[in-house]
Structure formats: C-alpha cells, structure tokens
Amino acid sequence: MALPTSTAAAAPAATSTAQQRTYLLPFILVICLFFLWGMAHNLDSILIPHLKKACQLNNRQSTLVDTAVFLAYFLMAIPAGVLLKKLGYKFSIIIGLLAFAGGAFLFLPAADARSYGLFLTALFIIGCGLTILETAANPYATVLGPPESATSRLNLAASFNGLAALVAPIIGTNLILSGKEYTPEQLAAMTDAARTTYLNAEAAAVKMPYLVLGCILVAVAVLFYFSSLPEIKAAESEPSQGGFFAVLKHRHLTWAVVAQFFYVGAQVCVTSFFIRMAKQGGGLDEKTAGYYLGLYGLLFMGGRFIGTALLKYVSSPRLLSIYALAAVALCTVAVFGDGAYVIYALGGLGFFMSIMFPTIFALGIASLGDDTKQGSSWLVMSIVGGAILPYLMGTVIDLQQDNTQAGYVVPLACFLVVLLFSQYGYRVRGKVV
C-alpha cells in the first residue's frame, strides 16, 4: 500500500538521518588517521635539522629523510591500491597502522646505533604504512556521505592533519631539539669522548616521542579492529575497464596526479627547510625557530578550517586558484625578500597551502566511479614529489654556498603548476567538476 504523501516525504529524510549516524563513528575514526599521519610528516620537519646535526650531514643528505618517506609512497602506491581492492577499507587501514607503528619502534635501535641508514629504513617503513593509510582514508572520507559534499568532507578531515602541523613542531621542539649547536670548528676542538657523548645524546632524543607514537598507533589499530565500519562502493559513472594505467584515460585525474606531485614537493620543501630559513633569514636560534614552525602549523590549520568553510560559498577550483596565486606571490617574497619579511611570507605559505592536497585529491577522483580506488592510488603515488623536489632544493642550497633562500625557487615553480591545474586541468571531459 502506498504511503501518504507526508509519510513518503519523511521516509527519505529518516533514511538520510540514519545513514548519517551510521557514518559518524567511521568518519571520526578517519579524522584520527589524518591527525596521526600529520604528526609523522610534521615531525619530519624537526627530524631533518636534528639528524643533520646528530649524524653530521650536509643539506642534500639531510633531505634523504623526505626521500625515504615519500619514495615509499611511490613504491607502495600500487600494492596499496591492490590491497585496498582485495581487503577493503577497514583491514587496509589496520595494516597501514601496524606498519606505521613498526617503523616508529625501529627508531629506538636506530638512535642507539646513531645510524642514519637505520633511521632512513625506519622512515621508509613508516612511509609504507602512511601510503596504505592515505590510499584508504582519503577516498573513504569522500564516500562517507553525500557526493556533493565530498570535497568539504575531505577538507574537514584534512583540517585535523593541519592540527598536527601545529602540535608536532611544539612536541618536537620540546622533546627532540636540544638547542645545543656547535660549529664544525667547535666540534673538532672537542675530545673524541665529549663529541661522541654530545652526538649520542642528540640521537637519543628521538626515542621517547617515537616509542609513545608507536604505542598509540597500535592502540588505534585495535580500536579499528573492534569497530564496525561500512564498506562503501563509490557511485559508478561508467564501468571500470582495463588495468591500473587505464584509469589515466580520465584527463582530469592525469592533471591532478601532476599537480599533486608538484604540490607535495612544494609543501615538503617549505617545511623541511623552514627551521634553517628562520635561523638564516630571521636570525633565530634552533628552538625559537622550532616554535615558529609551530606558528606556521597554526596558520596551516587555520587555512584548512577557513578553506573548508569557504567551500560552501566558493567552488573548489576557484578557491584552489586563489590559494595557489597567493602562494606564488608569497614564495616570490621568500626568494627575493629579506629579514623578518621572509619568515612572514613562509607563515603565509602555510595558510595558503592548506587546502591544496585535499582539494586536488577530491577534484582528481571526481566522477571516477568504480575507478576511484585506482585513481586514489595514482594520487597517493604522486606524493613521490616529496622525495625528489626537496633533494633538488637541497642541491640548489649547497651549490649556492648554503643559501637557503635561493632554494625557494623550487617551491615557487611548483605553485605555478598547481595554479595551472586550478585554471584548466580540473575539468572533467571539458565540463566543470
């Protein structure tokens, strides 16, 4: 028997409300994942100058921290996509969390041995775990609700990644950075025993933070195991055909992969060299520079929340275009400005970079239908830009006699690519997403 009109009208609303309740806990758990991998990435910004000091590295060698993490994204993206397709969201996330935890625990023997190679191995394992997590969590956040709000939902989840950009530098500055710095001449003047004691103490500072992080990750994995998570299939616009490379038939996805490569490279360049820029350009000491990195993280977080709110009134391609243009301008100031203005420009970059990753990601997987999981793997694989471009930036800095400011021409060029994507590359078969 047909329902009365009023009852029939109420039925979809009731179904929608029930569905929202079903999705609430999974979405909260996904938000936790964004925060945790944000902690990992933003602790790297502390690790790079810290291990440069503890392991006596040059600029190029220190950027191998980024290379180890982001090379894992490139190598693990396809396996992570296969894993996601076979096991689904829940068990892929659990495997990613446990790999992440394993890498964190490996920091303890690496610190005891003061072995940069072992640190890099630990970071590579962490990167493998992060790849699996991001391959699963980014598309999962987009499908936990109505398709029309997918970009806003992903930006909201990613805002907690921004919260980690504030929290991680503060924790790292207090627990890892000692504030004790010696010139090469001062180190050479020390006795072997005194120099070894100092360097071992610097290396050991990472042990407690990463031990705690590993324990938290195991606890979260257990929580996911005992939670009931819906396995949702994305709405299909056209059937999936062909293999992994066939998904690149979607022009806007190909553009997004390129844009994401350069965006991630730019972000990692800016954050990896922030402390050195603050010391060199702003005349700050190590710990003060670390706290400024926390302020940079605060602006990054603020940009995420404000950007998420603005998406209700401004289309995501247009907002991405505005943010990319601002980033180009601020990066120009960082390259050609001087003094405190350089630091202010870098802080501004934190704000305007904030929405780029989730917005590019959401635009890239829009309308992919059953190709969404493979498209997600490509976008995660493009994060390899974070392995390549910081090394290029470190090379520029070393060639310019340790001139960190000159190296910022690299992220400047990257933001121009993002701007181009926001103007032309995001369109789905010639139509606005």
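For reference, positions follow the sequence shown, starting with 1. Nothing here was measured: the structure is a model prediction, and the numbers come from that model. Atoms considered below: every heavy atom in the structure, side chains included; atoms not considered: hydrogens, waters and symmetry mates.
Here the CG-CG distance, from L118 to L123, works out to 10.0 Å after rounding to the nearest 0.5 Å. The SG atom of C32 lies 11.0 Å from the CD1 atom of I93; values are rounded to the nearest 0.5 Å. With rounding to the nearest 0.5 Å, the separation of CD1 in I94 from CG in L133 is 10.5 Å. With rounding to the nearest 0.5 Å, the separation of CG in L163 from CE in M39 is 9.0 Å. Between atom CD1 of residue I216 and atom CG of residue L211 there is a gap of 10.0 Å, rounded to the nearest 0.5 Å. Note that the CD atom of Q280 and the CD1 atom of I343 stand 10.0 Å from one another [nearest 0.5 Å].
Taking every heavy atom of both residues into account, L363 and H252 meet most closely at O-CD2, 3.1 Å. Closest non-hydrogen pair, G38 versus N42, comes out as O-ND2, 2.7 Å. For the residue pair V410 and M393, the shortest heavy atom distance occurs at CG2-CA, 4.0 Å. In terms of heavy-atom proximity, A165 sits nearest to F300 at CB-CD2, 4.0 Å. In terms of heavy-atom proximity, S45 sits nearest to S272 at OG-N, 4.3 Å. The minimum heavy-atom distance between M277 and V342, with the atom names listed, is SD-CG1, 3.7 Å.
The ring pair (Phe, Tyr, Trp, His ring centres under 6.0 Å) test with Y140 is passed by exactly one of F27, F34, Y89: Y89.
For F74, the CZ atom is loosely surrounded, since the number of other residues' heavy atoms within 6.0 Å does not exceed 12. Around CZ of F35, the count of heavy atoms belonging to other residues, nucleotides or ligands within 6.0 Å exceeds 12. Summarising the local packing, OH of Y292 is surrounded by 12 or fewer heavy atoms from other residues, nucleotides or ligands at distances under 6.0 Å.
Using a 4.5 Å heavy-atom threshold, the side chains of T67 and L64 count as touching. Under the 4.5 Å side-chain criterion, counting only non-hydrogen atoms from C-beta, S178 is in contact with K53. By the 4.5 Å heavy-atom criterion applied to side chains, Y296 and L299 are not counted as neighbours. L298 has its side chain within reach of M301: a pair of non-hydrogen atoms, C-beta onward, lies under 4.5 Å apart. The side-chain heavy atoms of V218 and F105, taken from C-beta on, include a pair separated by under 4.5 Å. Side chains of F119 and F107 form a contact here, defined as non-hydrogen atoms less than 4.5 Å apart. Between V65 and Y116 there is a side-chain heavy-atom pair separated by less than 4.5 Å. Side-chain contact between I360 and L320 is present, with heavy atoms from C-beta onward closer than 4.5 Å.
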message = Could you walk me through whether Y291 and N174 satisfy the side chain to side chain donor-acceptor pair (under 3.5 Å) test, starting with their C-alpha distance in whole Å, then the side-chain angles of each, then the deciding distance to 0.1 Å, before giving a yes or no?
response = CA-CA 9 Å; Y291 289 124; N174 281 286; 2.9 Å; yes
message = Evaluate F351 against I306 for side chain to side chain contact (heavy atoms under 4.5 Å, CB included), listing each step before the verdict.
response = CA-CA 9 Å; F351 182 92; I306 292 172; 3.8 Å; yes
query = Would T359 and Y263 satisfy side chain to side chain contact (heavy atoms under 4.5 Å, CB included), going step by step from the backbone distance to the final call?
reply = CA-CA 11 Å; T359 303; Y263 162 67; over 6 Å; no
task = Show your working on side chain to side chain contact (heavy atoms under 4.5 Å, CB included) between T135 and S92 and close with a plain yes or no.
result = CA-CA 9 Å; T135 301; S92 295; over 6 Å; no
request  = For side chain to side chain contact (heavy atoms under 4.5 Å, CB included), just list the numbers for Q260 and F421, CA-CA rounded to whole Å, side-chain angles, deciding distance to a tenth of an Å, and then say yes or no.
outcome  = CA-CA 10 Å; Q260 203 74 289; F421 169 76; over 6 Å; no
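Between the side chains of Y73 and E134, at least one donor N or O lies within less than 3.5 Å of an accepting N or O. With hydrogens and angles left out, the side-chain atoms of D66 and T63 include no donor and acceptor closer than 3.5 Å.
No donor-acceptor pair under 3.5 Å is formed between the side chain of T173 and the backbone N or O of I170. Judged purely by atom type and a 3.5 angstrom limit, K52 has no side-chain atom pairing as donor or acceptor with the backbone of N59. Checked by atom type and distance alone, the side chain of Y408 pairs as donor or acceptor with a backbone atom of V270 at under 3.5 Å. Within the 3.5 Å criterion, the main-chain N or O of G337 finds a donor-acceptor partner in the side chain of Q405. Checking side-chain atoms of Q61 against main-chain N and O of N58 turns up a donor-acceptor pair under 3.5 Å. Checking side-chain atoms of S321 against main-chain N and O of P317 turns up no donor-acceptor pair under 3.5 Å.
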